[in-house]
Amino acid sequence: MLATLCMALCACGDSSASGYAMSTWYSLRLTGSGHQETVSKLQETIRLYDYYLNAYDSRSDVWAVNNNPTQRVQVVEEVIDVLALSLEMKEKTDGAFDPGLQPLIDAWNIGNTAEWSVPLEENVQKALAASRLDALEVDRDGKCIQLGTSGAGLDFGGIVKGVVLDAMLQILKEDGITSALLDMGGSIAAVGEKKPGEAWVIGLRHPRGGSKDMFATIKLTDCCVATSGDYERYEVVDGVRYCHILDPKTGAPARSGLISCTIVGPEGAVCDALATASFVLGQQRALELMQQRFPDYGAVLVGEDYTVYTTPGMQDGLQLLDENFHFAS
Ligand code: AMP
Ligand code: MG
């Protein structure tokens, strides 16, 4: 399900592709014809990252790390890099973004496409205790990871789409592509302008509407955007909404009062991790953290009552489309 919608319909003559990977639909559009070879390289990049980083695929490096916790497991360099960035983001978000939640994600059955279940509190607490990376050892030169504690586990679901966007941006740079829109189901990279003098326009999905309803549009040139919300994967049990983003402090689905968090900035992976972290932190802490530690990034956060909170400057280029939404005064 797409969290963010690309408003621009694919113009004839562009080089494009779409498909399903990393549990989401993606679409790639490079302005102008003749870039199909680059498009194929981008698709191969998506396939590879999905393969390396999917903790729930027994062929992946991350699966091997999680299932051999007391051994040094050889991984590709990409996994070492994503782990390093994820740990940095964990520190910079005061633990709200945490790549070590795989035991909890398992307990809530989030990584699985099968039945959603609300676990017993006792099992949540056990999983929470196991969701630690205290004994983690990373050998960057030897390209090995050892979790060190049985029961621990890595999950990169909150950053992987942004990571693959950054890898694809590198390929576009190498191939001299100056105008493109890459959409990894809610994490988007807008490269250059749509056409000279015209920015890309991205729709932000209405958090309580259908998959095609938008509450706002945002104009972007040369930057990435990521959205996290409680409508992407959730289940309502006895009137309580359980979503797929967990609060590392409680072990339960995050309930910070926010229902949609969009982050805009230069790096896709940082946007993706910050969108997930903001959802956990809530509007006040998220906005403070963004201004103090991520001055190059902007946020558009939506509360349960449809109040829209932004970092300074973010309202330029942001247009609210739905009268039920209003900027915080
Ligand atoms: P996103 O849609 O980018 O917010 O990512 C949500 C996914 O990230 C979930 O499906 C989990 O795989 C994982 N996840 C859940 N909670 C967290 C968290 N607090 N920190 C990092 N990853 C998380
Ligand atoms: Mg994320």
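Atoms within each ligand, like the ligands themselves, are counted from 1 in listed order. Computation of the quantities below employed the complete heavy-atom set of this structure, encompassing side-chain atoms and omitting hydrogens, waters and symmetry-equivalent molecules.
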Please test His244 against Phe279 for ring pair (Phe, Tyr, Trp, His ring centres under 6.0 Å), starting from the C-alpha separation and ending with a verdict. CA-CA 11 Å; His244 70 316; Phe279 190 88; 7.7 Å; no

To atom 1 (P) of ligand 1, the nearest of Thr276, Val280, Leu246 on a heavy-atom basis is Thr276

Quick look: Ile245 vs ligand 1, heavy-atom contacts under 4.0 Å, and the answer is both

One thing to verify: whether Asp61 and Lys143 come together as a salt bridge, which I'm taking to mean a side-chain N less than 4.0 angstrom from a carboxylate O. no

In plain terms, say whether Lys41 and Glu37 are close enough for a salt bridge, that is, a side-chain N and a carboxylate O under 4.0 Å apart. no

Judged by heavy atoms only, the candidate from Leu274, Leu154, Asp272, Ile159 nearest atom 3 (O) of ligand 1 is Asp272

Test item: side-chain donor near acceptor, Gln315 and Thr310, under 3.5 Å: yes

Distance only, no hydrogens: is a donor on one side chain within 3.5 Å (strictly under) of an acceptor on the other, for Tyr309 and Gln284? no

Metal check, the Mg ion (ligand 2) vs Gly158 N/O/S, cut-off below 2.8 Å: yes

Tell me whether Ser187 has at least one N, O or S atom under 2.8 Å from the Mg ion (ligand 2). no

Quick test of your reading of the structure: of Gly158, Ala254, Pro99, whose heavy atom lies closest to atom 5 (O) of ligand 1? Gly158

Tell me which part of Asp247 gets within contact of ligand 1: side chain, backbone, both or neither, using heavy atoms under 4.0 Å. neither

Please list, in number order, the atoms of ligand 1 under 4.0 Å from a heavy atom of Asp155. 11 (C), 12 (O), 13 (C)

Salt bridge or not for Lys195 and Glu198, using N-O below 4.0 Å? yes

Arg285/Glu288 salt bridge by N-O under 4.0 Å criterion: no

Going by atom types alone, do Asp322 and Tyr306 pair a side-chain donor with an acceptor below 3.5 Å? no

If you look at Asp272, which of its N/O/S atoms is nearest to the Mg ion (ligand 2)? OD1

Can you find a non-hydrogen atom of Ala96 under 4.0 Å from ligand 1? yes

Please say whether Asp98 places an N or O atom under 3.5 Å from an N or O atom belonging to ligand 1. yes

